[in-house]
Amino acid sequence: MGGSARNQGVLEGDDAPGQSPYQRLSQRMLDISGDRGVLKDVIREGAGELVTPDASVLDITLWGMELGLLSMRRGELARFLFKPTYAYGTLGCPPLIPPNTTVLFEIELLDFLDSAESDKFCALSAEQQDQFPLQKVLKVAATEREFGNYLFRQNRFYDAKVRYKRALLLLHRREAPLEEQHLVEAAKLLVLLNLSFTYLKLDRPTRALHFGEQALIIDQKNAKALFRCGQACLLMTEYEKARDFLVRAQKEQPFNHDVNNELKKLASYYRDYVDKEKEMCHRMFAPCENGSTVGEN
């Protein structure tokens, strides 16, 4: 799920004398928990369907926040009050949140992904999946890729790789009519590029190179694929191959900052490599004290 939450403040506990800020705010807010433990005020309306219970909600630690998200639509901005039971409870969250504190959040829901449809489809056999139209396969593969992207942004690279591979398997298994094959290839290209980048993050350059080269089979001039292959070869100290890929990437995008920086890095690494080779050769053939040469028969 994509979104942003801003903690707008901490309100005193319910036992404060007089009318608390919580009580004043709550008078115009909607009760969404049924016990007035989670109250909501819509600042900007969203559109489309409500977030489904099956939607993937990652890193949500507050029960009140989860209930709040389930009441929202894409693009919605809302203010929420969470009573202690739905927030940080009797312990609070020192030093910022005292015990038994009602908290105020603003949450903007940018987007969400419904995993139920994707999970059900992936659980079907290949024969059952083939009974669905191609657009269904493309939609599920796109959902898997988007899940992977979210996990990648969370630095959960192994989990992202699993999602990308699920998407790629769906696309590899599906035979498409010639006139629709370009749709499958375009979807594959995005997944292959993401897999290549993910394996670089996992410090597995051989696999990163493999998926980068698979992407180049689809689009031989793709600058991202050329760049990923160049990065992988550089990590593998295959400097000639790295230079070839990076120069090709630079040809496609001459002003790409990342590509140009990688070429500078390659030049630096190669100079160090040549210097070390020269030093090693010098030591191997340097005269010894008795006048012989190291390595001489």
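The figures that follow rest on heavy atoms only: side chains count, while hydrogens, waters and symmetry mates do not.
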Which salt bridge (charged side-chain N to carboxylate O under 4.0 Å, His left out) pairs, counting each pair once, include a residue from residues 183-193, with sequence neighbours left out?
E185-K188

Quick one: does T102's side chain have a donor or acceptor within less than 3.5 Å of a partner on K83's backbone?
no

Assess, by modelled atom type and distance only, whether the side chains of N149 and Y164 contain a donor and an acceptor separated by less than 3.5 Å.
yes

Does a side-chain heavy-atom distance below 4.5 Å link R174 with V184?
no

Judged by atom type as modelled, is there a donor-acceptor pair below 3.5 Å linking the side chain of T101 to the main-chain atoms of P99?
yes

Begin from the C-alpha positions of K40 and E76 and carry the test salt bridge (Lys or Arg N to Asp or Glu O under 4.0 Å) through to its verdict.
CA-CA 12 Å; K40 176 182 179 181; E76 182 178 329; 2.7 Å; yes

Could you list the cluster mates of L178? Members are the ILVMFWY residues connected by side-chain heavy atoms closer than 4.5 Å, either directly or through other members.
none

Once side chain to side chain donor-acceptor pair (under 3.5 Å) is applied, do any residues pair with K136, and if so which ones, sequence neighbours excluded?
E117

K221 and D219, any side-chain heavy atoms less than 4.5 Å apart
yes

Going by side-chain heavy atoms closer than 4.5 Å, which hydrophobic residues are tied to F245, directly or by a chain of links?
L209, L216, L226, M236

Among pairs that include at least one residue of residues 203-212, which meet side chain to side chain donor-acceptor pair (under 3.5 Å), considering only residues two or more places apart or in two chains?
none

Should R79 and F105 count as side-chain neighbours, where that means a heavy-atom distance under 4.5 Å?
no

Under 3.5 Å side-chain donor-acceptor pair for Q250 and N260
yes

Under the side chain to side chain donor-acceptor pair (under 3.5 Å) test, residues paired with E180 that sit two or more places apart:
none

Could you go step by step and tell me if F147 and T143 meet the side chain to side chain contact (heavy atoms under 4.5 Å, CB included) rule?
CA-CA 6 Å; F147 268 118; T143 300; 3.7 Å; yes

Under 3.5 Å, is there a donor-acceptor pair between the side chain of R36 and the main chain of S26?
yes

Neighbour count >12 (heavy atoms, 6.0 Å) for atom NZ, K139:
no

Residue R243 excluded, over 12 heavy atoms near CZ under 6.0 Å
no

Name all residues meeting the ring-ring contact (aromatic ring centres under 6.0 Å, His included) criterion together with F211; count only those two or more places apart in sequence or in a different chain, and write none if there are none.
Y199

For E262, which residues count as a salt bridge (Lys or Arg N to Asp or Glu O under 4.0 Å) partner, sequence neighbours excluded?
K265

Salt bridge check, R248 against D244: does any charged N sit closer than 4.0 Å to a carboxylate O?
yes

Does a side-chain heavy-atom distance below 4.5 Å link I217 with L192?
no

Would R173 and Q129 count as having a side-chain donor-acceptor pair, cut-off 3.5 Å?
yes

Checking Q128 now: which residues fulfil side chain to side chain donor-acceptor pair (under 3.5 Å) with it, not counting sequence neighbours?
S125

Taking the side chain as everything from C-beta on, heavy atoms only, tell me whether F80 gets closer than 4.5 Å to L39.
no

Going by side chain to side chain donor-acceptor pair (under 3.5 Å), name the residues that satisfy it together with S118, two or more places apart in sequence or in a different chain.
E144

Side-chain donor/acceptor of R44 to backbone N/O of G75, under 3.5 Å
yes

Please lay out, stage by stage, how K224 and D258 fare under the test salt bridge (Lys or Arg N to Asp or Glu O under 4.0 Å).
CA-CA 10 Å; K224 276 190 178 180; D258 293 330; over 6 Å; no

Not counting sequence neighbours, which residues clear salt bridge (Lys or Arg N to Asp or Glu O under 4.0 Å) with E238? List them please.
K241

The ring-ring contact (aromatic ring centres under 6.0 Å, His included) partners of F152 (sequence neighbours excluded) come to F157, F197

Do other residues, nucleotides or ligands put more than 12 heavy atoms under 6.0 Å from Q220 CD?
no

Quick check: does any side chain N or O of S196 sit under 3.5 Å from a backbone N or O of A208, one acting as donor and the other as acceptor?
yes

Nearest heavy-atom neighbours spanning A215 and L193
CB-CD2, 4.1 Å

Where C122 and V140 come nearest, the two heavy atoms and their spacing
SG-CG1, 4.2 Å

